[in-house]
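Note that these values count all heavy atoms, side chains included, but never hydrogens, waters or copies made by symmetry. Letters A, B, ... mirror the listed sequences (proteins, then strands); counts begin at 1.
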Amino acid sequence: MSLLDARGIAVRYPVRGGVLQRPTAWVRAVDGVDLTLDAGETLGLVGESGSGKSTLGRALIALRRPDAGTIRFAGDDILALDAAGLKALRRRMQIVFQDPNASLDPRRTVGGSVRMGLDLHAIGTGAERREAVAEMFRRVGLRPEHVTRFPHEFSGGQRQRIGIARALILNPELLVCDEAVSALDVSVQAQILNLLKDLQAERRLAMLFISHNLAVVEHMADRIAVMYAGRIVEEAKRDALFAAPRHPYTRALLSAVPTPDPTRRDPSPPPLGEPPDPANLPTGCRFRSRCPIAMPRCATEEPALAALAPGHKAACWAA
Amino acid sequence: MSAAASLPTSRLAWVLDRLWHNRSARIGGGIIAIILLCAAFAPWIAPHDPMAIDTLRRLEPPSAEHWLGTDEVGRDLASRLIHGTRYFVLICLITTVIAGVIGTVLGLISGAGPLIADAVIMRFVDVLLAFPTILLVLAVIAILGPSLTTAMVAVGIGNIPGYARLVRSAALTIRREEYVEAARALGASELGIIFGTVLPNIVSPLVVYTSYAMPLAALAAAALSFLGLGAQPPAPEWGAMLVNARSFLFTAWWAVAAPGLAIFAAILGLNLLGNALRDVLDPRDA
Amino acid sequence: MLSRRGLVLSSAAIAAASATPAAASTKELRFRLVEDPEMLWSGQSVSLTVNTVVGTYLVERLVYQGTDGKPQPWLAESWTFSDDAKQITFRLRGGIKFHDGTDCDAAAVKFHFDSILDPARASPVRPIIAALESVDALDPLTVRFNFSRPFAPFMTIVAGGAYGINSPAALQRLGRQYGRRPVGTGPYRFVSWAPGSEIVLERNPTFRQLRADAVNKGAPYADRITLSVIPEEGVAFSALQTRELSAAELQTDTVERLARDRNFRVVVDENAKNLSFLEFAFRPPFDDPRMREAVSLALDRASIVRAAYAGYAVAVRGPMSPGIPGYDEAVAQQFGTGHDPARARAILAELGWTGTGRGPVSKDGREARFALRSYANPVADRALAVIQRNLADIGIQVAITTSDWGSFYPSLLRDGWDMNFMRWTSFDPFVLVQLFRHPGHRRALPRFDGLDEALAGIETTLDPDRRQVFVSEAQKLLLQNRAIVPLMTNHNVTVVQAGLQNYVPDAFNLVKPGDLRMANWA
Amino acid sequence: MREAALLSVRGLAAHFVTRAGTLRAVDGVDLDLASGEVLGLVGESGCGKTVLALSLMRLVEPPGRLVAGSITFDGNDVTAMDTRTITRLRGRGMGMIFQQPRTSLDPVIRIGNQIAEPLISHAGMSRAAAAREAIALLEAVGIPGAEAKARAYPHELSGGQAQRVMIAIALALKPRLLIADEPTTSLDVTVQAQILALLRERCRALGTALILVTHDIGVVAQLADRVAVMYAGRIVEQGPVGDIFAAPAHPYTQGLLQSAPVLGRRRERLAAIEGNIPDLSRPIPGCAFAPRCDHRPTMGERCDREMPPALAVTPAHAARCWRLATP
Amino acid sequence: MGGYIARRILLVIPVVIGILLLTFMVRAVIPTDAVTAMYEGQITDQEAEATTALIRAKFHLDRPWYIQFGYYVRDVARGDLGESVRLRRPVSEEIGYRYLNTLWLTLSALAIGIGIGVPAGIIAAARKDTWMDVTAMTVGLLGISMPAFFFGLLLILVFAVWLQIVPVVPRGGAALLLPALTLGLIEAAPISRLARSGMIEMLRRDHIRAARARGMSEAAVIMRHALPGTLLGILTVVGLQFGQLLGGAFIIEVIFGWRGIGELAVKAIQWRDFALTQAIILVSAGSYVAINLAIDILYVWIDPRVDYTRA
């Protein structure tokens, strides 16, 4: 049984208008996504800004309640839980955010931020909590005596370590990393990626690794899902995906990444055009307005995410 | 990148340190410190009894015995000014506390609570804002009867909308911050988030706003004395002193100048201190 | 008539003549108004400002009051009382015309009083002459007033500014707008009114002075009189100095400086009819007259007079203003008290109130701390400062609360106070009836033996000599019982340019504008 | 070896002097650029690369100011120019585009008018001519429906479109140098590819030299002729792009190239540079990278005490590292 | 956009109703009425008091407050603001000219305030940290620290008494001079600070740097790119200020005897003249709300970014 099993997840935001501010349209940020995640596995979720990947990440741990779909975590339907049940579940799934400047409460000591989970769930005595925080600090590479400092006294990389410590102090089974390294410089990014990998190995963490950076996702993930305009358009094992991408969008993404090798300069990229208006998506296949191989069928029918090979799915009529 | 990055200090210590090195803060703080000292030790500092009348020595110009002269019933103006600091401090504190506490609670509920509460509270705040200030104040006075307390309550109520709006918009912003989401992800309740996370982060803008609002509230309270609706006689409240003396502007200028300049200096002190706080806490337009 | 008004708001100033050099050809006088009148219709307002402006310049009354307190002929040349004292019949002079050319006859008088009595108009003047039932015009020059009971103060009341006769034709023509364009028979007629700024009046060319006490029996001297609204004391003071005003009623605070200036003359209204006094709620311990006496003895009236009015007032021992005809100085001297704090302390000690010399005295564990209420006014504030200090000197602490009249006066009907500070202006001893007939105007007065009988005599006795007996008796009883603590009567002070002639206030502190002229006028 | 320099920078220093201390954002930079050349200026956040870019146009704002050094552009000393001349230079000689294209456009002025503005003020065009030229420029940067878009407001554009507009404005007067400060950082990778291609194409077409400021070594590898690597306010390595990528001489450059995951070259662990960037508000006497440097233990005290000069690796390739001085 | 405006207008309705209800609740708890207030205690004998009931009946003062509210709403719906107990004439007559007076005062004061404050703030921002900046801000600081009534008296002393530039007792338009100047100078202080900080923030924006980078002269940068946005920022505050002032700058009006809404408000409350009070509230709250509305609409019109689908 999968640790996390999500079916038909949909999240929509209203576009309001008119005198009474009734919703006149809906942005389908996440529009019917199925996902599973096994214990200890890392699933990479890539996509451009606005593709809904962060919204999906939050929906999966019920931080943003999805408008449709079911989520089972270790067999429990988490959307059916009451407040107490959900609170209990929070111990088992945590999140690391993108912006290390914004994700730490500037008015709380960093030790306080890390300790907050223990306090909220009343785990251990005061002394035990203090010791646990100190231990966590050591583990993520921070000095335990810095627990009384405030976030502004730390660098971006250190803050992200604190964010990781905060998420892991409750010893969760699932960790959502939402663009956890994209705000960091490469030298620091490498430190954090290494740390995450180490921690995951130690704790058998399942990880949903959300990023727009294909190289980082390739580095971290076992399995990768590519998201476009609220839907997963391709999903495969890491190596299969990079070796043989089946969806034209995946191929476009891959070719757009500049190679750090001056001897291999790419020719001009395919004219991909601009992303579509999320409140006003094309009919049929959402990618068709930018797709170099679009055909008439794409305008009328939306391709479903279909298995092309074991573990390799794509949503494209041409695949 | 800031120099403070390496200082292992609390935020309060940091703020105080920055204030200490700020010229506005020193001048303003100096004025306020003098006022607070006078308020604390008025009976020992004042050369005369502020209530001691001598109707044979009305409106005497400044002299060695009466440094600032005497008022219209022969009381020592300097002593009245010194005792008046107590009223000034009281007015500043009470008006600010009333407006600050009620406004903050309303703003928090509005900005971080349910949508319906937001709608109701904001309409209420709109009503308060659109209600002509003077009528609002007069209405409170008409209900409670005139006294310094009433004046302070009235001015306090008049300042609620400002706080409510400020806190609401700050709360709305903070609610979208990732650290609030982090707290929620850790299992914090909404109420816990409002008071445990949102409120502490509103303190800075609250302090900055108060630095604007407090001198204005003190002026408003003084203005109420102008209409005879503030402090009760013979209390040496500066606004009331100024008002009672104003018909002597052309005949005994010192009786007008003393309370007038006292109010001016005190408000100036508050404003200077406020400017400095703003520079330190909200350095956007420093 | 009884009226009370804070000093700042009081009084349209009346006064005299500036000749701005440029306006030498027009003879113009400029006076101060402390506040803008609400309207200029005497039948619809009880405001002193309204009635002063209207009554001085625009309308004339049936009678005026002489300095001896007796009614004198004006529009009416004579009058008679019926035997039951419930009817008064006036005989008018003929040939008087309103500014609009219509006749001022018995019908006009009846019309004016009918408009006051008309329930549809709900005139605020009406309650003051509540005893008046109807008015009959017996013939063009004879008008009879019918009362429900004998009503002695009527002759004083009807001499007041509110009862001047307005033109019925103008009233009917203008309706509610009449208050902005009044028409009377007075020495000046209305020209224009810039609200909040000034009222311009011009000479009534057909004016005939009927008052015996006037200097000028013919048309007024000044072509034009402008009344400027100047609420701020300092502004009025400056405007006098820049000769922008011919005269201005001033608060006494700034008068001292001008009094020393030879360019000005200070006119003091010695007939002032107001009285400031302390009243009691008669709650223990002030249910004991000796306690009230201690309070009276504690107060240094001379000091209060200096503080409140810079000396432009007199300390008063009697319970009525010395300016009101009927005031009995002998009674005041015999039964009133002076300033004797030692005796006051002695009385307190006899009553069991003892102290250490510092702080309030106490009795049976109760400290002498009491609540004193007053209307809000800078002058009252100063008087209260002295009163508070005087009482503190004998060990009685009072906490002062002041508020505007609309809050203060009704609040006296409820508990929560021990003393109040009042100031009333009235033209007739009838004030004693209104204030002190059991249970008193604030429903707190105990029944004092014989007082109500004396007050009834004041109300119903039309004969002046017989009435005086009751007036003196009432004053004596009030003082003996220490019902109130009289303090002082202040004098209205007007500062006039030295060249302004004939600026003489009458018994009601109104000048006769027809008499006013600058010395340099041809 | 190269044609006469278009831009020559010597000993440039830009400091931010505040009551809290002096921040040495740029601290002794030497830089040369030939006409038509593309220089990649690489570095991590806080290394001073943006301040350096602004310094070249004298756009550093108080409390920052140029405290030392010279900038020679096209034979003229930029640091000595009066206000009129520098204003003219900014319009015609150098152009600049920024990281946040949408906020770099005036939100309340229509696109067409913003493009026309320098045409009118610097090229003396009439309003109508400028408007026509603006539409032509929009077409040249690949904006479809240019005529309609000229009437649009900035908020109606996507980030990619806005950057195209910025490029159109910056290149409107055919400057000899374009400075692009992280031009694609805020854009999606698919849009980034298009903007980079556009930049390359426009600069080539106009013969405009390009200084491309970026933290993304992939972008540099794709676009630059030469690379300058910046660390802590100084250029620590400079040379032809091929040399730098093939044989980085400075340990920091090496670390930078090693630590980024590269698509298709997956390793189990990344070679992270441990530690953090130094605090620039404190004077650094020696090599600023020394505290993080793997070679520091073997190199000794000299790295801490003395700043290494730019030492030649090859005639066109130099780096500030004492290791190059040791035989 | 039309929907947005309609929605903004709809939001006004509960505010106005709330304001009127609040007034009437005040009326319910206030211990005295216009009749008592009018006599200032002139009625004392019992028989006379019975006759004041006539006045109360005429003005419905004898009915419970909610009935009075009903009468009021009915009258307002008919376009009738009622009759003042004290003035004995239609309230609309009195309010009409009072409102115009306040409007004139407010407009002149804001003109002075903006005329002084905006240039001062902009110069201070453009010459930040120079003596000009320090001077402008110090004067501004003194300005906001000055009690209005004290300042007003000083102006009378200086202009009318010492310099004699204006008459002590001004007539006609001259009467506007000193109150407008007092209020204008007091308003100038916050406006200049706002203009300065707005301008400084604006000058820090990306598009300003971009404008400089494309060779715009400093004057063009300030006037063309920074000023419009700054003014837009000031607009809100000035608008709010305008709305507040239309409720009457009562202290200034009282001191200078300016017959505006504020001075009337003080009197109306002292008189307990509720028809008058309500009308004042109605017009001043109405102005406040209308001006806010106008500003919001103006905003949408000037600033293309404003997302008018959200309130």
Could you tell me which portion of D:L173 (side chain, backbone, both or neither) has an atom closer than 4.5 angstrom to a non-hydrogen atom of chain E? neither

Are more than 12 heavy atoms, taken from residues, nucleotides or ligands other than D:R88, located less than 6.0 Å from that residue's CZ atom? no

Just wondering, more than 12 heavy atoms not from D:E147 lying within 6.0 Å of its CD? no

Structural part of D:Q99 lying under 4.5 Å from a heavy atom of chain E: neither

D:E61/E:R212 ion pair, N-O < 4.0 Å: yes

Between D:S121 and chain E, with a heavy-atom cut-off of 4.5 Å, which part of the residue counts as in contact: side chain, backbone, both or neither? side chain

Quick check on D:M166 against chain E: is it the side chain, the backbone, both or neither that has a heavy atom closer than 4.5 Å? side chain

Can you tell me how far apart CG (D:L39) and CD (D:E37) are? Round to the nearest 0.5 Å. 6.5 Å

Can you say whether E:I208 sits under 4.5 Å from chain D via the side chain, the backbone, both, or neither, judging by heavy atoms? neither

Whatever's closer than 4.5 Å to a heavy atom in chain E on D:Q114 counts as both

Only one of D:L177, D:I179, D:L171 clears side chain to side chain contact (heavy atoms under 4.5 Å, CB included) with D:P175; which? D:L171

